[in-house]
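Here the structure comes first, spelled out in C-alpha cells, and everything after it is commentary.
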Amino acid sequence: AQRVTQPEKLLSVFKGAPVELKCNYSYSGSPELFWYVQYSRQRLQLLLRHISRESIKGFTADLNKGETSFHLKKPFAQEEDSAMYYCALSGMIKAAGNKLTFGGGTRVLVKP
Amino acid sequence: DTGVSQDPRHKITKRGQNVTFRCDPISEHNRLYWYRQTLGQGPEFLTYFQNEAQLEKSRLLSDRFSAERPKGSFSTLEIQRTEQGDSAMYLCASSLATAGELFFGEGSRLTVL
C-alpha cells in the first residue's frame, strides 16, 4: 500500500522568511514524487516533480529515500505563495498508470 | 481554454436521487482519472481509464458509483441513490500515458441534502 503524510495542516510565515513543508511517504518500490499546488479559486496544478530536479517559483524538493521524505522548501516566502500544497506519490508500476496518492495537504499563509 | 472541463460545477440534490458528472479531458490525453475530495482532505483516487478501458477502481468505490468513457474521449461519473456522505468535490484529471503529470479540472461540487 502507498501512503503520503503531510503532518502540518497549516503553516503561517512572514514574507521573506523560509518555509518548509514536510512530506513523508510509504511505498515498497521506487516511487515518483510530486508537489501539487492549488491557489485560491484555481484548479490543482503541478508545482514540481522529483525526477526533473528543477526549482519552480523558487521552490525545491529533494527525495530522501532513506528517510522516505520529499520536503518542499523555499528560502524566502512571498505573499503569492499563499496556497494549498499537496504532496503526491505515483508508483513506478506501468499497470498503475499515473495514479497519484495524495497527502492531506498543507495550507501556507504568507503574512506581509 | 483547452484544459480539462467538468460539468456541472455545482450540484445540489436530495438524498436518494441519481446524479451524473461529465468530464472532457485535454483532447490528446488518453488517460482520464476521477478523484473525490472532501473538506480538509487531499484528493482520493476513485478510478481511471486508458482510452475507453477502465483499468482500475478504488475499493472505496461502492456499487452505487459507475464511470464510463465510451469513446475514449469524455467521461461520465454517475452516483445512484445518493447519500449525504457522497457530498464532496469530484475532480477529473487527464494525462498522456507517457508522462507523469496530471492536469486537473476545476471540479464538480456535490451537495446531498
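Fair warning: this is a prediction, and the values are worked out from it, not measured in the lab. Convention: sequence-line order gives letters A, B, ...; per-chain numbering from 1.
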- request: Heavy atoms only: give me the nearest B:Glu101-A:Arg49 pair and the separation to one decimal.
  value: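 Heavy atoms only, the tightest pair is N-NH1, 3.9 Å.
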Should we count [atom1] of [X] as having more than 12 external heavy atoms under 6.0 Å?
{"X": "A:Phe14", "atom1": "CZ", "result": "no"}
{"X": "B:Leu96", "atom1": "CG", "result": "yes"}
{"X": "B:Arg64", "atom1": "CZ", "result": "yes"}
{"X": "A:Glu20", "atom1": "CD", "result": "yes"}
{"X": "A:Lys111", "atom1": "NZ", "result": "yes"}

task: Check each of B:Tyr35, B:Phe104, B:Phe103 against A:Leu44 using the side chain to side chain contact (heavy atoms under 4.5 Å, CB included) test, and report the only one that passes.
output: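 The residue from B:Tyr35, B:Phe104, B:Phe103 that satisfies side chain to side chain contact (heavy atoms under 4.5 Å, CB included) with A:Leu44 turns out to be B:Phe104.
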message: Membership question, hydrophobic clusters at under 4.5 Å side-chain separation (ILVMFWY): are B:Phe74 and B:Val4 in the same one?
response: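 No, it is not one cluster - the side chains of B:Val4 and B:Phe74 are not joined through contacts under 4.5 Å.
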task: Check whether NZ of the Lys or CZ of the Arg A:Lys99 lies under 6.0 Å from the centre of the six-membered ring of B:Tyr48 and within 45 degrees of that ring's axis.
output: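 No, a cation-pi geometry is absent between A:Lys99 and B:Tyr48.
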- prompt: Hey, what do you get for CZ (A:Arg43) to CD (B:Gln6), rounding to the nearest 0.5 Å?
  reply: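 Interatomic distance, A:Arg43 CZ to B:Gln6 CD, rounded to 0.5 Å: 8.0 Å.
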query: Step by step, would you call A:Leu46 with B:Leu102 a side chain to side chain contact (heavy atoms under 4.5 Å, CB included)?
result: CA-CA 8 Å; A:Leu46 178 67; B:Leu102 269 61; over 6 Å; no
query: Can a donor-acceptor pair be found between the side chains of A:Tyr86 and B:Gln37 at a distance below 3.5 Å?
result: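 Yes, B:Gln37 and A:Tyr86 have a side-chain donor paired with an acceptor closer than 3.5 Å.
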query: So, the side chain of A:Lys9 versus the backbone of B:Gly40: is there a donor-acceptor pair under 3.5 Å, distance only?
result: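 Judged by distance alone, yes, a pair lies under 3.5 Å.
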